[in-house]
A.B. asks: 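So that we are looking at the same thing, I have put the structure below in structure tokens.
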Amino acid sequence: MTTPTRIALVGCGAIGTSVLELLHGDPALKVVAVVVPADAIASARKAAPDAQVGSALPAAGIDLVVETAGHAAIEQHVLPALARGTPCVVASVGALSATGFAEKLEAAAAAGKTQVQLIAGAIGAIDALAAARIGGLDSVRYTGRKPPQAWKGTPAEQGRDLGALARETVIFEGSAREAALLYPKNANVAATVSLAGLGLDRTMVRLIADPATAENVHTVEAEGAFGSFELTMRNKPLAANPKTSALTVYSAVRALRNRVAALAI
Ligand SMILES: NC(=O)C1=CN([C@@H]2O[C@H](COP(=O)(O)OP(=O)(O)OC[C@H]3O[C@@H](n4cnc5c(N)ncnc54)[C@H](OP(=O)(O)O)[C@@H]3O)[C@@H](O)[C@H]2O)C=CC1
Ligand SMILES: O=C([O-])CC(=O)C(=O)O
């Protein structure tokens, strides 16, 4: 019997809990540790009764770190893990929008002779976009449309009552860098699209609160030497967090399975 890859899961909220459920009983991937803020340890123990639960990564016995926690967790847990030589899979891609942070992540991975993998998350066609970049891209536009409740607790609330919106409202227009910094829990996709394509400053982003939709709708329009494409994803949100699409969970699990599969797709 092969030994399973020992995973430390950082963050045990809507995505983390679902990842735990999907990996339960997997012979090749075992979550042996869960890292959460101190006040969330008791609930994480219930979600992962067989794992070591704490607010720091174990010093040894981890083959792979998976982040499903939020931007701050990358600085706190992912950077040191990379520097120690542990590969990391990251969901909070928007963290790379902070000036110099992508370089910091790369430097930590290089120092540890390992790799940090950014998941595609709630968006598709990242493979096509990253391939198209090699031939040269002329423009990439991303539009994120979510129900008003998904924008609660964000700058979208400034000067408007989200609950009273009668029609679709553009709450942000600007670069992917600004979007990811202003909406850290809602614009990771903007950062992912830009990192795969034209970069954080040249990728144009529109974010929309739309009372007529119950889905998280992501649209990418790209043009370049390859030709062009338009992609629209109509994602179902997770019941535990309306900001987050269920596809993000499946994308994380796919990334993990591909790391151990003999044939990866
Ligand atoms: N790439 C993509 O397409 C997407 C990426 N995301 C990213 O994934 C993140 C998680 O999403 P989701 O699960 O829905 O969010 P939740 O808020 O449901 O869960 C986040 C969990 O992480 C915990 N947490 C927060 N900070 C830390 C930390 N420093 N160390 C360890 N744990 C921490 C939280 O604990 P507590 O509640 O106690 O604070 C909470 O349990 C989002 O913040 C976003 O950055 C989300 C959607 C799409
Ligand atoms: O899950 C989604 O639909 C997208 C999301 O929150 C993000 O980009 O941060």
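As the structure lists them, so they are numbered: ligands from 1, and atoms in each ligand from 1. None of these values were measured; they are calculated from a predicted model. Counting from 1, the numbers follow the sequence of the chain as shown.
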A.B. asks: For ligand 1, is any non-hydrogen atom under 4.0 Å from L238's backbone (N, CA, C, O), its side chain (CB onward), both, or neither?
C.D. replies: neither
A.B. asks: Give the residue, atom name and distance (to 0.1 Å) of the protein heavy atom nearest atom 1 (O) of ligand 2.
C.D. replies: S245 N, 2.7 Å
A.B. asks: Return the residue, atom name and 0.1 Å-rounded distance of the protein heavy atom closest to atom 41 (O) of ligand 1.
C.D. replies: G13 N, 3.4 Å
A.B. asks: Could you list the atoms of ligand 1 found under 4.0 angstrom from a heavy atom of G11?
C.D. replies: 22 (O), 32 (N)
A.B. asks: Answer with yes or no whether G94 contacts ligand 1, where contact means a heavy atom under 4.0 Å from a ligand atom.
C.D. replies: no
A.B. asks: For E67 and S92, test the side chains for any donor-to-acceptor distance below 3.5 angstrom and give the result as yes or no.
C.D. replies: yes
A.B. asks: Report the part of K185 (side chain from C-beta onward, or backbone N, CA, C, O) that has a heavy atom under 4.0 Å from ligand 2; answer both or neither where that applies.
C.D. replies: backbone
A.B. asks: Do the side chain of N241 and the main chain of G13 share a donor and acceptor less than 3.5 angstrom apart?
C.D. replies: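 Between the backbone of G13 and the side chain of N241 there is no qualifying donor-acceptor contact (under 3.5 Å).
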A.B. asks: Quick one: does N235's side chain have a donor or acceptor within less than 3.5 Å of a partner on A122's backbone?
C.D. replies: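 Between the backbone of A122 and the side chain of N235 there is a qualifying donor-acceptor contact (under 3.5 Å).
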A.B. asks: Heavy atoms only, cut-off 4.0 Å: how does A40 contact ligand 1, side chain, backbone, both, or neither?
C.D. replies: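 For A40, only side-chain atoms sit under 4.0 Å from ligand 1.
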A.B. asks: Contact between I119 and ligand 1, counting heavy atoms under 4.0 Å?
C.D. replies: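 For ligand 1, residue contact (heavy atoms, under 4.0 Å) with I119 is absent.
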A.B. asks: Can you sort out which atoms of ligand 2 are near N216, meaning under 4.0 Å from one of its heavy atoms?
C.D. replies: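 Going through ligand 2 atom by atom, the ones under 4.0 Å from N216 are 3 (O).
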A.B. asks: Assess H77 for proximity to ligand 1: is some non-hydrogen atom of it under 4.0 Å away?
C.D. replies: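 Yes, H77 has heavy atoms under 4.0 Å from ligand 1.
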A.B. asks: Could you list which atoms of ligand 2 come closer than 4.0 Å to a heavy atom of A122?
C.D. replies: 1 (O), 2 (C), 3 (O), 4 (C)
A.B. asks: With heavy atoms under 4.0 Å as the rule, classify the contact between A187 and ligand 2 as side chain, backbone, both or neither.
C.D. replies: backbone
A.B. asks: Which bit of T248 gets closer than 4.0 Å to ligand 2, counting heavy atoms only: side chain, backbone, both or neither?
C.D. replies: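 The answer is the side chain of T248.
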A.B. asks: How does N188 reach ligand 2, if at all, at less than 4.0 Å between non-hydrogen atoms: by side chain, backbone, both, or neither?
C.D. replies: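 Both backbone and side chain.
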A.B. asks: What protein heavy atom sits nearest atom 5 (C) of ligand 2, and how far away is it?
C.D. replies: K146 NZ, 3.2 Å
